[in-house]
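Working notes, beginning with the structure itself.
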Protein chains: 2
Amino acid sequence: MIDPEPAGASEAGGRREEIVEIASRLFAERSYRGVGMRAIASAVGVQPASIYHHFSSKADILDAIIADVTERFIAAHLYLLDPKFVTASSMRQLVTEHVVYFWQHRIAEAVGLRELKELSVARAEHVRRSRRSYQDAWICAIQVGVSGGWLPAQNPRVAALALLSMINGVNAWYREDGPLSIAEVAEMHAEMAVTGLLGRPSKRHVDSPRRG
Amino acid sequence: MIDPEPAGASEAGGRREEIVEIASRLFAERSYRGVGMRAIASAVGVQPASIYHHFSSKADILDAIIADVTERFIAAHLYLLDPKFVTASSMRQLVTEHVVYFWQHRIAEAVGLRELKELSVARAEHVRRSRRSYQDAWICAIQVGVSGGWLPAQNPRVAALALLSMINGVNAWYREDGPLSIAEVAEMHAEMAVTGLLGRPSKRHVDSPRRG
DNA sequence: TACGCTAACGAACGATCGTTAGGCACTGTC
DNA sequence: GACAGTGCCTAACGATCGTTCGTTAGCGTA
């Protein structure tokens with residue numbers, strides 16, 4: 001209640017968004033179970049009971065955090081993998097936008113990744129289904145590329161999952177105070193993914209040192 | 001070393017190992033904070049108080065789980081990245097063994113990744129330092145390859161971290177009942193990593209669709 | 001027989017958990 | 001000026017948390 005905002009108003013809408021934002025930061029730092037309602041309340045500057053005027057339960061806050069951060073990106077970008085139109089260029093573009101988007105939403109993404117099991121079963125399943133459709137779209141798109149002869153990937157499924165691991169992993173190590181902007185890192189990953197990871201003829205067993 | 005027992009005796013060595021094994025499974029499934037001492041005790045078939053004869057605290061169990069699963073692998077394999085002797089072959093071998101080892105120890109690895117912050121500060125720092133040395137060894141090795149002309153990676157640091165994300169991500173999607181053995185997946189990743197991801201001349205911006 | 005050790009027990013400790021009940025101050029509407 | 005709604009409060013609920021207590025049964029050794 002610092003500023004009921006006649007004009008300017010740094011926080012739009014109010015408490016609910018504030019709680020979501022603060023709780024997501026706390027959950028990302030100390031995990032969902034590691035943060036109590038009292039901790040959230042005191043970080044917001046409010047009594048624990050007051051939170052229940054905005055959310056019906058603690059899990060409801062988690063719902064609001066995870067809600068559609070991931071799904072929104074997927075829904076908005078699946079078209080780039082459409083089997084009928086997918087190209088190396090559209091793949092590169094998707095990788096780039098994926099990396100940038102996931103970094104921009106890194107807090108919610110981290111919570112969504114780590115605390116998926118704490119979500120209500122229905123919503124967790126919904127998120128999982130959404131991710132699965134994204135995965136499948138990648139696999140299918142790579143398969144198209146292989147069939148079309150312009151992607152020499154050896155195993156489309158393994159390649160897709162490796163690619164997704166690679167670009168989802170950026171958030172785990174990237175730091176903004178380093179020498180590279182996230183956009184640069186994103187473009188490097190697009191290059192590594194499409195030209196390198198997927199775009200290499202699979203001359204197998206040339207000199208690979210078989211393990212005993 | 002599975003069974004030093006003279007006869008019968010279904011459990012080798014004893015309770016301590018049994019508790020570690022059961023607790024790590026529970027922690028991996030429901031998280032460290034999501035599993036109480038009572039749940040561990042009842043899974044072991046013992047009263048909660050009895051666990052304190054084997055461990056001084058709950059965090060002590062976590063210590064025993066994470067202990068040196070990761071570090072043992074790193075310490076045993078760093079030689080493969082020795083700047084003086086590293087080759088594409090040794091890199092391929094390391095990727096393969098990394099994937100297989102991490103899958104075989106997937107439960108402890110999952111707990112170690114997810115619950116690192118729950119560890120005592122000293123031990124957490126030790127684990128982090130160990131991982132960091134592995135990372136740095138990869139970066140350095142790739143740099144050697146680039147200088148030597150046999151690895152055309154664009155940015156050694158980014159490439160190394162992308163590579164590690166890729167191979168660390170396998171555990172998140174691989175399932176044993178699929179069509180591929182973990183060894184096959186491991187070798188595919190070795191191929192993708194060394195031949196594809198790292199081994200591609202960096203013709204940049206050929207036709208990449210710059211984002212607005 | 002007496003001692004010490006290990007491994008386990010049932011019961012309880014204080015703290016913290018998510019949540020709820022009931023009330024107070026303010027706001028805009030009729 | 002009465003009324004409903006909103007936002008927040010204090011206080012407390014029952015449950016569960018990690019942990020500690022005192023005790024005991026069994027075993028090997030002096």
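Labels below follow one simple rule: chain letters A, B, ... track the order of the sequence lines, proteins then strands, and each chain is numbered from 1.
A salt bridge links A/R128 with A/E125: the distance from a Lys NZ or Arg NE/NH1/NH2 to an Asp or Glu carboxylate oxygen falls below 4.0 Å.
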| When every nucleotide of nucleotides 11-24 of chain C is labelled 5' to 3' by its protein contacts under 4.0 Å (heavy atoms), B for base, S for sugar-phosphate only, - for none, what sequence of letters results? | -B----BBBBB---
| salt bridge (Lys or Arg N to Asp or Glu O under 4.0 Å) assessment of A/E18 paired with A/R15 | CA-CA 5 Å; A/E18 191 188 1; A/R15 270 289 136 84; 2.9 Å; yes
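Proximity of the aromatic rings of B/H98 and B/Y134 is defined here by a centroid distance below 6.0 angstrom, and this criterion is met. Taking the six-membered ring for Trp, B/Y79 and B/F85 have ring centres at least 6.0 Å apart.
Computed from coordinates, the A/R15 CZ to C/dC26 P distance equals 17 Å when rounded to whole Å. The CD-P distance, from A/E17 to D/dG7, rounds to 12 Å in whole Å.
Of the N and O atoms on the side chains of B/S31 and A/R114, not one donor lies less than 3.5 Å from an acceptor on the other residue.
An OP1 or OP2 oxygen of D/dC8 is reached within less than 4.0 angstrom by no side-chain nitrogen or oxygen of A/Q47. Residue A/S50 places no side-chain N or O under 4.0 Å from the OP1 or OP2 atom of D/dG7. In this model, the phosphate group of C/dT6 is not approached by any side-chain N or O of B/H54 to a distance below 4.0 Å at OP1 or OP2.
Looking at heavy atoms from C-beta onward, B/E176 lies in side-chain contact with B/W103 at the 4.5 angstrom threshold.
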